[in-house]
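These numbers were taken from a predicted model, which means no experiment stands behind them. These numbers come from the heavy atoms of this one structure, side chains and all, not from hydrogens, waters or symmetry mates. Convention: sequence-line order gives letters A, B, ...; per-chain numbering from 1.
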Protein chains: 4
Amino acid sequence: MVVAIVRIKATDASVAFTMQQTRARDRHRRILDAALRVFSRRGYRDASVDDIAGESRTSKGGVYFHFPGKEAIFLALLERTATRLLEKIEESIAFHDDPIAKADAALLTVLRTFARHRALARVFMLEALGAGRDFHQRMAEIRNEFTAVIQRHLAQAVQQGVIEPIDTEIAGRVWFGALNEVIINWVLSGRPERLEDAYAALRPLLMRSVGVAVQPHRPAEEL
Amino acid sequence: MVVAIVRIKATDASVAFTMQQTRARDRHRRILDAALRVFSRRGYRDASVDDIAGESRTSKGGVYFHFPGKEAIFLALLERTATRLLEKIEESIAFHDDPIAKADAALLTVLRTFARHRALARVFMLEALGAGRDFHQRMAEIRNEFTAVIQRHLAQAVQQGVIEPIDTEIAGRVWFGALNEVIINWVLSGRPERLEDAYAALRPLLMRSVGVAVQPHRPAEEL
Amino acid sequence: MVVAIVRIKATDASVAFTMQQTRARDRHRRILDAALRVFSRRGYRDASVDDIAGESRTSKGGVYFHFPGKEAIFLALLERTATRLLEKIEESIAFHDDPIAKADAALLTVLRTFARHRALARVFMLEALGAGRDFHQRMAEIRNEFTAVIQRHLAQAVQQGVIEPIDTEIAGRVWFGALNEVIINWVLSGRPERLEDAYAALRPLLMRSVGVAVQPHRPAEEL
Amino acid sequence: MVVAIVRIKATDASVAFTMQQTRARDRHRRILDAALRVFSRRGYRDASVDDIAGESRTSKGGVYFHFPGKEAIFLALLERTATRLLEKIEESIAFHDDPIAKADAALLTVLRTFARHRALARVFMLEALGAGRDFHQRMAEIRNEFTAVIQRHLAQAVQQGVIEPIDTEIAGRVWFGALNEVIINWVLSGRPERLEDAYAALRPLLMRSVGVAVQPHRPAEEL
DNA sequence: GATGAATGAGACTTCATTCAT
DNA sequence: CATGAATGAAGTCTCATTCAT
């Protein structure tokens, strides 16, 4: 039996592995962030993987190490955005008990999030449509996820007797469509300057549509 | 250089000229029709000028004789669709005096038109937004034109005292957004089977949103 | 009824069509010729479509207009070579009545053809093996075509009683393999300097293998 | 820098060293074995170092530790195959005294070896020639080594008066070429099912080609 | 006016090789 | 010694657009 004294570098295998993993995850995120900027700036069609590589301070090959291709990057971006936004929405909803307050919180969260990330809004709402037929399917699913959230809470409101019985599915779709339109209009025209400001005018319409009586012009700040 | 003597059936130079014009306009239309099919089938991005040429029984050169390029074809298609649809809407509106009836007529016209032309719906509502930054300006304008029509008639309704005073601009946008969402959902999922059937559920929500009292479940056929 | 005098350009549609076709066929051939040179010089693997385009005084796109891809170019080259060589062989065979003379003529034709076109020999015998698994199948077929020619004539010789009954299939394969080896060796080593010279030594072995008595060292020139 | 005390099971430093060597040699062999499978499956061109690394349960870096590059792996594989095969041939030859028996033994050894290792046959006979110009030099040498073995023993047979004087060099090449062709045909077509069975038909032709009288249809089993 | 061969910029992608850990 | 993330050169292919015929 030999007893040997061995020097182990601080960068022991397991540590090195973790560091590599950390750096890799970092790069992964950097690529997605860069992709968001590039897609937003040039559109899906005109964005090149080279652009993304440059913007993320990586090489083209590096990008392809982390993602199978341009489409996959876009899809990953879409998924990340949708997941995060849905999480934010659920968080903001959880704060409130009153179904109406929940609805307000959810809608405002969406508007405020996109307001702070116009590039995200552009990519999520516009470029996603031009990324090819394959994305339409996924986009439809994402639309449905959002619509479902609205519908679920409207149904709850009905159950609690806060609003009259309505077709919550179509109501969810109407709310989503309205919100969608306001955001797209803001992305395309830049108006209103602050996207959240649209809510003051949007709210009464949505509320009334599901039978909630409202006074016009209740300012968004009070919510 | 060969000199040939040819008999032309036309009895008049100007007529011949007119025939040429007619043929040119024919081809122009054929190209647009083909473009619609191709864009609907493959999306703007993946549609090639070759596809359009083939589908319109012309050559690539022929397409380029009639249009400066791929973008111009798409834009012309957009314009034609928008113009025709707006015309149809105005026609259907002119039939009625009651502002509410006008609104119903307008919305149903849109749904019925797209119901008959799903390819048109796909291109106009999905591809147009995702076709790239060059189209965003024009798309914003087109969306505004439609919103403006709704808004104008809502404003009239307010003026006539049929509905309470509301922010008609945002109302127009909400109506447009809701309609848009219903149509897109139909294009992507095929539901409801008959797009017009969506109106029965959609109507009460829209009406209530602008303060018109409605009984739920009023079937679309009665409108 | 109008009678018009029209000038028809010498480049009338049908003529232009023919000229275009002619030029296209020309370009097609030029690309194949260039491909032969490039494949021979750099090997299939290292030959780029750019190289072929440059060598054929065309653009990359031009090459892709005439061929679906690099593999197709190579395949076309292979087919053309095989077809031409088989034709030459059949021609040379048709000159003679004596089965033995036919065999001599065929073998010498192959050697002489490749002797004049070493690049062709290199591409046909070596590069064809490195062009990917898909080509192996086609190469096997081509090998069989050549083997079949030999076999057919050996069988005829047996039938005419010129040689004793033998397994002509394996004999065809032996002859083909021997010839193949001599040519590959010449391509790889450059020996013998004149490929045809190999025949003087090769002939007695092949002849004896099928039971034809020969005097050694019958010079090729006498054939 | 961390200092650790480790117990090593080995009782002797030199033994540990030897173990390292053994492990290295093991990995070296594993890589070559994996390379054979990969090259056989995908061809030299389409085989990637990643494939080889994966197949040999190593990492890409590991492969590059043992070999300078992809070409070197292929070359090493070629050398190993050639060396082993030549050794086997010499062994089998050494068993016999009669030159004809020696020849039979040699040819059968080749057929039997490849029959058991079709992947080896594919790589050695097909891929090696098509792997690119860099290998041609070495392949020419390897082919010559095999041809030389045949030639040497044929020359001996001539010297011993067993066969008439012939050009043994070309005879060696014919034998090699014939064998080569039979094996390639088997690799590509799978016929005959048992490669060794080809010898029964091949043998009389080869023997006659060098002036050895044979009765047709002497079955391989008697050899 | 029509045709389709030709152009060429630019896209995506692969992969042998390197090297920090 | 091993690992695998990263590099970047090079390749194949697409397609909007042009233009001689």
Chemist: Out of F/dA6, E/dT13, E/dT7, which nucleotide sits closest to the side chain of C/Ser59?
Modeler: E/dT7
Chemist: Side chain of A/Lys60, base of F/dT7: donor and acceptor closer than 3.5 Å?
Modeler: no
Chemist: If you assign B/Pro68 and C/Gly69 each to the DNA chain F nucleotide with the nearest heavy atom, which residue ends up on the more 5' nucleotide?
Modeler: C/Gly69
Chemist: Taking B/Phe74 as the fixed residue, which of B/Phe124, B/Phe39, B/Phe67 is the one that meets the ring-ring contact (aromatic ring centres under 6.0 Å, His included) rule?
Modeler: B/Phe39
Chemist: Would you give the length of the straight line joining atom CD1 of C/Ile31 to atom CG of C/Asp26, rounded to the nearest 0.5 angstrom?
Modeler: 10.5 Å
Chemist: Only pairs with both distances under 3.5 Å count, Watson-Crick or wobble alike; so what is the partner of E/dT21 in this structure?
Modeler: F/dA2
Chemist: Tell me the interatomic distance from B/Asp26, atom CG, to E/dG1, atom C1', rounded to whole angstroms.
Modeler: 15 Å
Chemist: Could you name each residue pair satisfying salt bridge (charged side-chain N to carboxylate O under 4.0 Å, His left out) that touches residues 63-78 of chain C, not counting sequence neighbours?
Modeler: C/Glu71-D/Arg45
Chemist: Between A/Arg27 and C/Gly61, who's closer to the 5' end of DNA chain F by nearest nucleotide?
Modeler: A/Arg27
Chemist: Between atom CZ in C/Phe67 and atom P in F/dG11, what is the gap in whole Å?
Modeler: 20 Å
Chemist: Report the distance from atom CZ of D/Phe74 to atom C1' of E/dA16, rounded to the nearest whole Å.
Modeler: 16 Å
Chemist: Rounded to the nearest 0.5 Å, how far apart are NE2 of D/His136 and CG of C/Leu126?
Modeler: 4.5 Å
Chemist: Remember a base hit wins even if backbone is also touched, and classify B/His66 as base, sugar-phosphate or nothing at under 4.0 Å, heavy atoms.
Modeler: sugar-phosphate
Chemist: Taking C/Arg41's backbone N and O only, do any of them form a donor-acceptor pair with D/Arg133's side chain (distance below 3.5 Å, no angle check)?
Modeler: yes
Chemist: Quick one: which of F/dG8, E/dA6, F/dA2 gets closest to the side chain of C/Phe65?
Modeler: E/dA6
Chemist: Below 4.0 angstrom, which residues in residues 32-52 of chain C have at least one non-hydrogen atom near DNA chain F?
Modeler: C/Ala47, C/Ser48, C/Val49
Chemist: Quickly work out the C/Arg23 CZ to E/dT3 P distance and round it to whole Å.
Modeler: 19 Å
Chemist: Using salt bridge (charged side-chain N to carboxylate O under 4.0 Å, His left out) as the criterion, point out the one residue from D/Arg30, D/Arg29, D/Arg37 that pairs with D/Asp33.
Modeler: D/Arg29
Chemist: Roughly how many Å is it from NZ in D/Lys70 to P in E/dT14, rounded to a whole number?
Modeler: 14 Å
Chemist: With rounding to the nearest 0.5 Å, note down the distance linking CZ in B/Arg80 to CG in B/Leu32.
Modeler: 4.5 Å
Chemist: Rounded to the nearest angstrom, tell me the gap between atom CG in D/Asp134 and atom C1' in E/dA16.
Modeler: 14 Å
Chemist: Please pick, from E/dT13, E/dA16, E/dA5, the nucleotide with the shortest atom-to-atom distance to any side-chain atom of A/Tyr64.
Modeler: E/dT13
